[in-house]
Peer 1: 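Okay, handing you the structure first.
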There are 2 protein chains.
Amino acid sequence: MSDSEKKISCNLTEKEASVLRNNLPVDEEIQDLAEFFKVFGDPTRIRILFLLKQGEFCVHDITTMLEMQQTAVSHQLKSLRQSRLVRYRKDGKQVFYSLNDEHIDEIIAIGLNHLNE
Amino acid sequence: MSDSEKKISCNLTEKEASVLRNNLPVDEEIQDLAEFFKVFGDPTRIRILFLLKQGEFCVHDITTMLEMQQTAVSHQLKSLRQSRLVRYRKDGKQVFYSLNDEHIDEIIAIGLNHLNE
DNA sequence: TGAACATATGAGCAGATATTCATATGATTA
DNA sequence: TAATCATATGAATATCTGCTCATATGTTCA
């Protein structure tokens with residue numbers, strides 16, 4: 001939205017407030033967006049994403065690299081799977097995880113950029 | 001990183017694991033990134049960001065549009081301020097909030113995009 | 001100056017979340 | 001087939017988070 005279109009006001013009428021309120025996405029979409037970003041809001045999951053930027057790894061190796069318990073890692077991988085940020089591939093006893101969204105780099109880059117501003 | 005550079009392996013040696021582990025950003029940076037995304041991980045804050053995409057508003061109007069209590073809104077505005085996602089401007093008794101990072105749209109767009117994939 | 005107004009802050013609480021422990025599931029191998 | 005290995009899952013717990021209530025701060029105006 002260009003600056004010229006933006007409102008500056010205080011004490012909107014209920015009618016005006018209602019118009020602006022109705023411009024918001026529906027609750028479900030808002031909720032889904034929040035859930036999506038929540039996945040990035042945990043250090044362990046961020047570390048897993050950074051690891052997977054380097055390649056495809058099995059759970060055991062992820063556990064070793066993070067120096068965490070296997071169950072803790074599996075729980076977080078589940079969260080990443082459910083939000084479709086990672087994909088997995090089974091090979092015998094092992095399960096290999098890799099990134100599943102080409103925009104992950106982009107999102108993280110924006111975050112890093114913001115922190116350095 | 002191009003596909004050809006990516007590793008696929010399991011049962012890394014401690015040495016290999018250590019190399020990959022050390023490629024991760026330092027803990028503080030990981031932590032800061034997670035904190036940053038956590039701000040996007042709440043429906044109320046997402047709604048505030050969507051409102052502010054439409055213009056600059058005082059706390060009272062934000063409260064009216066969201067149909068929430070003023071203190072709840074103020075608490076969330078504080079979180080948005082601390083992460084420098086919004087800026088504010090005082091004018092008499094009122095405080096006007098607006099977006100403070102041109103990348104907010106971009107981040108949200110990526111999120112929405114991911115949800116529709 | 002004091003009353004009214006706009007916003008911010010702190011404490012308390014209820015619900016969410018990350019880790020751990022115990023155990024289940026599924027695949028390989030002896 | 002039994003033992004072992006790799007991973008996943010569920011319950012329990014401690015911590016964190018968002019909201020509400022009470023109240024503080026700062027501004028305007030009578």
Side-chain angles (χ1 to χ4, degrees), chain A residues 8-12 17 27 30-49 51-52 56-83 86-98, chain B residues 8-12 17 27 30-49 51-52 56-83 86-98:
Chain A
I8 299 178
S9 73
C10 198
N11 292 312
L12 296 171
D27 283 357
I30 295 279
Q31 187 65 47
D32 289 348
L33 256 188
E35 295 297 338
F36 173 70
F37 289 119
K38 216 174 280 185
V39 179
F40 290 89
D42 174 76
T44 296
R45 289 189 291 264
I46 292 278
R47 293 206 298 154
I48 292 174
L49 293 176
L51 282 184
L52 296 184
E56 184 192 54
F57 298 103
C58 68
V59 176
H60 175 268
D61 284 350
I62 296 174
T63 299
T64 304
M65 290 185 282
L66 296 188
E67 296 174 301
M68 290 182 62
Q69 294 210 177
Q70 177 265 316
T71 54
V73 170
S74 271
H75 280 299
Q76 299 312 326
L77 285 170
K78 180 177 191 174
S79 160
L80 291 164
R81 250 188 289 131
Q82 286 178 332
S83 56
V86 303
R87 62 164 156 267
Y88 64 100
R89 169 176 74 80
K90 297 189 183 182
D91 183 8
K93 286 183 289 190
Q94 285 145 3
V95 181
F96 289 84
Y97 282 84
S98 54
Chain B
I8 299 178
S9 72
C10 198
N11 292 311
L12 295 171
D27 283 356
I30 295 279
Q31 188 65 47
D32 289 348
L33 255 188
E35 295 297 339
F36 173 70
F37 288 119
K38 216 174 280 185
V39 180
F40 289 89
D42 175 76
T44 296
R45 289 189 292 264
I46 292 279
R47 293 207 296 155
I48 293 175
L49 293 177
L51 282 184
L52 297 184
E56 185 192 53
F57 298 103
C58 69
V59 177
H60 175 268
D61 285 350
I62 297 174
T63 299
T64 304
M65 291 186 279
L66 295 188
E67 296 175 299
M68 289 181 63
Q69 294 210 178
Q70 176 266 317
T71 53
V73 170
S74 271
H75 279 301
Q76 299 313 325
L77 286 171
K78 181 176 191 175
S79 160
L80 291 163
R81 251 188 288 132
Q82 286 178 331
S83 56
V86 303
R87 62 164 158 269
Y88 63 99
R89 170 176 75 80
K90 298 190 183 183
D91 183 8
K93 286 183 287 189
Q94 284 144 1
V95 181
F96 290 83
Y97 282 84
S98 54

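So that the names make sense, note that chain A is the first sequence line, chain B the second, and so on, each numbered from 1.
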Peer 1: Using 30° and 60° as the class limits, which term best fits the ring planes of B:Phe40 and B:Phe36: parallel, tilted or perpendicular?
Peer 2: perpendicular

Peer 1: Is there a side-chain contact between A:Lys78 and the phosphate of D:dA8, meaning an N or O under 4.0 Å from OP1 or OP2?
Peer 2: no

Peer 1: From CG of B:Leu66 over to C1' of C:dT7, roughly how many Å is that when rounded to an integer?
Peer 2: 15 Å

Peer 1: Can you tell me if the side-chain N/O atoms of A:Gln69 get under 4.0 Å from OP1 or OP2 in C:dC21?
Peer 2: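 So the side chain of A:Gln69 is within the cut-off, an N or O lying under 4.0 Å from OP1 or OP2 of C:dC21.
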
Peer 1: Closest nucleotide of DNA chain C for B:Ser74 versus for A:Ser79: which of these residues is on the 5' side?
Peer 2: B:Ser74

Peer 1: Considering only side-chain heavy atoms of B:Lys93, which listed nucleotide, D:dG18, C:dA6, C:dT20, is closest?
Peer 2: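 So the side chain of B:Lys93 is nearest to C:dA6.
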
Peer 1: If I take atom CG in residue A:Leu77 and atom C1' in nucleotide C:dA18, what distance separates them, rounded to the nearest angstrom?
Peer 2: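 Those two atoms, CG and C1', are 14 Å apart.
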
Peer 1: Hey, does the side-chain of B:His75 have a donor or acceptor N/O within less than 3.5 Å of a partner on the base of D:dT20?
Peer 2: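 Counting by modelled atom types and ignoring angles, a donor-acceptor contact under 3.5 Å is found here.
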
Peer 1: Let's go through A:Gln76 and A:Met68 carefully: what are the C-alpha distance in whole Å and the side-chain angles of both, what is the deciding distance for side-chain contact (heavy atoms from CB on, under 4.5 Å) to 0.1 Å, and is it a yes or a no?
Peer 2: CA-CA 11 Å; A:Gln76 299 312 326; A:Met68 290 182 62; 5.7 Å; no

Peer 1: Given atom CD of A:Gln31 and atom P of D:dG18, what is their separation to the nearest angstrom?
Peer 2: 12 Å

Peer 1: Do any side-chain nitrogens or oxygens of A:Gln76 fall under 4.0 Å of OP1 or OP2 in C:dT19?
Peer 2: yes

Peer 1: I need the CG-C1' distance between A:Asp42 and D:dC16, as an integer number of Å.
Peer 2: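 To the nearest whole Å, that distance equals 12 Å.
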
Peer 1: Does A:Thr44 make a side-chain N or O approach to OP1 or OP2 of C:dT19 shorter than 4.0 Å?
Peer 2: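 The answer is yes; a side-chain N or O of A:Thr44 sits under 4.0 Å from OP1 or OP2.
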
Peer 1: Under 4.0 Å from OP1 or OP2 of C:dT7: is there any side-chain N or O of B:Arg81 that close?
Peer 2: no

Peer 1: For A:Lys90, answer base if it contacts any base atom (sugar-phosphate contacts may also be present), sugar-phosphate if it contacts only those atoms, and nothing otherwise; contact means non-hydrogen atoms under 4.0 Å.
Peer 2: nothing

Peer 1: What integer distance in Å separates B:Leu80:CG from D:dT17:C1'?
Peer 2: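 B:Leu80 atom CG is separated from D:dT17 atom C1' by 14 Å.
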
Peer 1: Which listed nucleotide (D:dA6, C:dA6, C:dT20) is nearest to the side chain of A:Gln94?
Peer 2: D:dA6

Peer 1: Give A:Gln70 one of three labels, base, sugar-phosphate or nothing, depending on what nucleic acid heavy atoms sit under 4.0 Å from its own.
Peer 2: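 The residue A:Gln70 makes base contact.
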
Peer 1: How many Å lie between CD1 on B:Ile62 and C1' on C:dA8, as a whole number?
Peer 2: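 Distance check: B:Ile62 CD1 to C:dA8 C1' gives 14 Å.
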
Peer 1: Any side-chain heavy atom of B:Leu77 within less than 4.5 Å of one from B:Tyr88?
Peer 2: no

Peer 1: Please walk me through it: do B:Met65 and B:Val73 pass side-chain contact (heavy atoms from CB on, under 4.5 Å)?
Peer 2: CA-CA 11 Å; B:Met65 291 186 279; B:Val73 170; over 6 Å; no

Peer 1: Less than 4.5 Å apart, any side-chain heavy atom of B:Leu52 and any of B:Ser98?
Peer 2: no

Peer 1: Between C1' on C:dA18 and CD1 on B:Ile30, what's the gap in Å once rounded to a whole number?
Peer 2: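 To the nearest whole Å, that distance equals 16 Å.
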
Peer 1: Would you indicate which nucleotide in D:dA22, C:dC21, C:dT7 comes nearest to any side-chain atom of B:Val59?
Peer 2: C:dT7

Peer 1: What distance separates A:Arg89 CZ from A:Gln94 CD, expressed to the nearest 0.5 Å?
Peer 2: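 With rounding to 0.5 Å, CZ (A:Arg89) is 9.5 Å from CD (A:Gln94).
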
Peer 1: Ignoring backbone atoms, test whether B:Lys38 places a side-chain nitrogen or oxygen under 4.0 Å from the OP1 or OP2 oxygen of D:dT17.
Peer 2: yes

Peer 1: Looking only at the side chain of A:Met68 (C-beta and beyond, no hydrogens), which of the listed nucleotides C:dT7, D:dT9, C:dT19 gets closest?
Peer 2: C:dT19

Peer 1: Pick base, sugar-phosphate or nothing for A:Tyr97, based on heavy-atom distances below 4.0 Å to the nucleic acid.
Peer 2: sugar-phosphate

Peer 1: Can you tell me the distance, in whole Å, between the CZ atom of A:Arg89 and the P atom of D:dT7?
Peer 2: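 Computing the A:Arg89:CZ to D:dT7:P distance gives 12 Å.
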
Peer 1: Please pick, from D:dG18, C:dT9, C:dT7, the nucleotide with the shortest atom-to-atom distance to any side-chain atom of B:His60.
Peer 2: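 The nucleotide sitting nearest to the side chain is C:dT7.
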
